[in-house]
Amino acid sequence: MQQYFNFKLLKKSEKSNARAGIFLTPHGEIRTPIFMPVGTNSAVKTLTSDQVKDTGAQIILSNSYHLYLRAGTKRIKKFGGIHKWMNWDKPVLTDSGGFQVFSLAKLRKITEDGVEFQDPKDGSKHFISPEVSMEIQQDIGADIIMAFDECAPYPCDYETAKAAMERTHRWLDRCFKAKTNPQQALFPIVQGAFFDDLRMESARVVSTYNAEGYAIGGVSVGEPDDIKNHFVELTAPLLPENKPRYLMGVGTPIDLLDGIKHGIDMFDCVLPTRNARHGSFFTWEGKKNIKNKQFQDDERPLDENCQCYACKNHSRAYIRHLFKCQENTALTLLSIHNIQFLIEFSQRCRQEILNGTFEEFYDKYYDVFKK
RNA sequence: GCGGGUGUCGUCAAGUGGUUAAGACCUCGGAUUGUGGUUCCGAUAUACAUGGGUUCGAAUCCCAUCAUCCGCC
């Protein structure tokens, strides 16, 4: 049987758990560590697929929950799958809908079978189970699909966290049984909230599956940074070393530095596009906000060392003007910049790992982004 | 020239005799983490057109001046 996925570890740091690799998928390779932009409704907000491609994105994330409710995943299947649907020929990852049901749906009823919820937009009732999620994700046709999990809130008590974790494990088994397409990699998700023994247990259970990659979920749900960091540090090394590790929903440049240091290979986050919509942008000198008056006559690009479309063509003064006038182009330019910045940031970490200098890079930029 | 209206922070605008003169925009910070697309939180201001008068007390009442708007000649 043909092998559709392959993860090759190119280098492991001697001073930390940082590592650099190449993850091969049916739609091309991903150079890890990598940051993945989020395109919830099969579009990275304010950007065309071409514009996303020009940022250097190697893979994008989309979403079962949203595409199931709108567009309809049968329609996308009939169209020929998400790559053709959105004219994107690189790898795609879809989230399972578990997190969205947890964070977005107003009315939801979780049972052993699955989750019943209402579409907050029109009130219609729906049901997603591990089997339904697998069917949805196979219809969408992403390269990487995620297990249907139950994400516990923060804070939460031990019993709730344990019950959610155990259900996630039982659902994981059902996901693997329901998944049929060998051209899709199913990543299990570690849960366990913020309890050491639960996280360790979940990492152990999840690792018993011979998956193409493994994810850590249930973080960035409102917990303090040091707590998040502790659980990433605890969990990541417990996952199989020869497979990519994906930290879901993270993060900031500092989150990337910490995650990579602890052995994470993949990240996704809405931050670059959401921040863009709020005017803030990343630079190699830290985070700034285009709304600030100091930029009104600034003829420099957003970042002088950035090669993105926005930086090669436009000034801070012009982009600030567009933003103040609420022109959508401002959001596009800032999104392009922020996405390209985080991708380049992850690829710079990769290069530093290959050079054996990641830890110095970590120290330097940890301070820059500490604020 | 005559008649009438209006003058409160950079802008808009509450307040019509009584303690530190609302609020919004702007400006300046902060937040945002597997996305309900312009959000949320906080901070900052030499502001009652000018000069008199009435009153225990005036942004508020009276007079004059100036500015501005409308109408008429």
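Below, chains carry the letters A, B, ... as their sequence lines are ordered, and counting in each starts from 1.
Between the side chains of A:Asn338 and A:Ser335, no donor-acceptor pair is found at a separation under 3.5 Å. The closest side-chain donor-acceptor pair between A:His83 and A:Asp89, if any, does not fall under 3.5 angstrom.
Between A:Glu112 and A:Arg167, at least one side-chain nitrogen of the basic residue sits less than 4.0 Å from a carboxylate oxygen of the acidic one, meeting the salt-bridge criterion.
With a cut-off of 3.5 Å on both pairing distances, B:U32 has no Watson-Crick or G-U wobble partner at all. Pairing partner, B:G71: B:C2, with both Watson-Crick or wobble hydrogen-bond distances short of 3.5 Å.
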Set out, line by line, the N/O atom pairs under 3.5 Å between protein and nucleotides 24-27 of chain B.
residue	atom	partner	partner atom	Å
B:U27	OP1	A:Arg320	NH2	3.1
B:U27	OP1	A:Lys324	NZ	2.3
B:U27	OP2	A:Lys324	NZ	2.7

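Applying the side chain to side chain contact (heavy atoms under 4.5 Å, CB included) test to A:Arg274 and every residue at least two apart in sequence or in another chain returns A:Val270, A:Arg277, A:His278.
Residue-level contact check: A:Gln191 touches the bases, meaning some heavy atom is under 4.0 Å from a base atom. Contact annotation for A:Asn328: base contact, defined as any heavy-atom pair under 4.0 Å involving a base atom. Within the nucleic acid shown, A:Ile189 comes within 4.0 Å of at least one base atom, counting heavy atoms only.
More than 12 heavy atoms of other residues, nucleotides or ligands shown are found within 6.0 angstrom of CD on A:Glu360.
A residue-by-residue look at A:Glu327 and A:Ser96 shows that A:Ser96 has its nearest nucleotide of RNA chain B further toward the 5' end. The residue among A:Asp149 and A:Gln326 whose nearest nucleotide of RNA chain B is located toward the 5' end is A:Asp149.
Grouping Ile, Leu, Val, Met, Phe, Trp and Tyr by side-chain contacts under 4.5 Å, direct or through others, puts A:Met165 with A:Tyr158, A:Phe195, A:Leu198.
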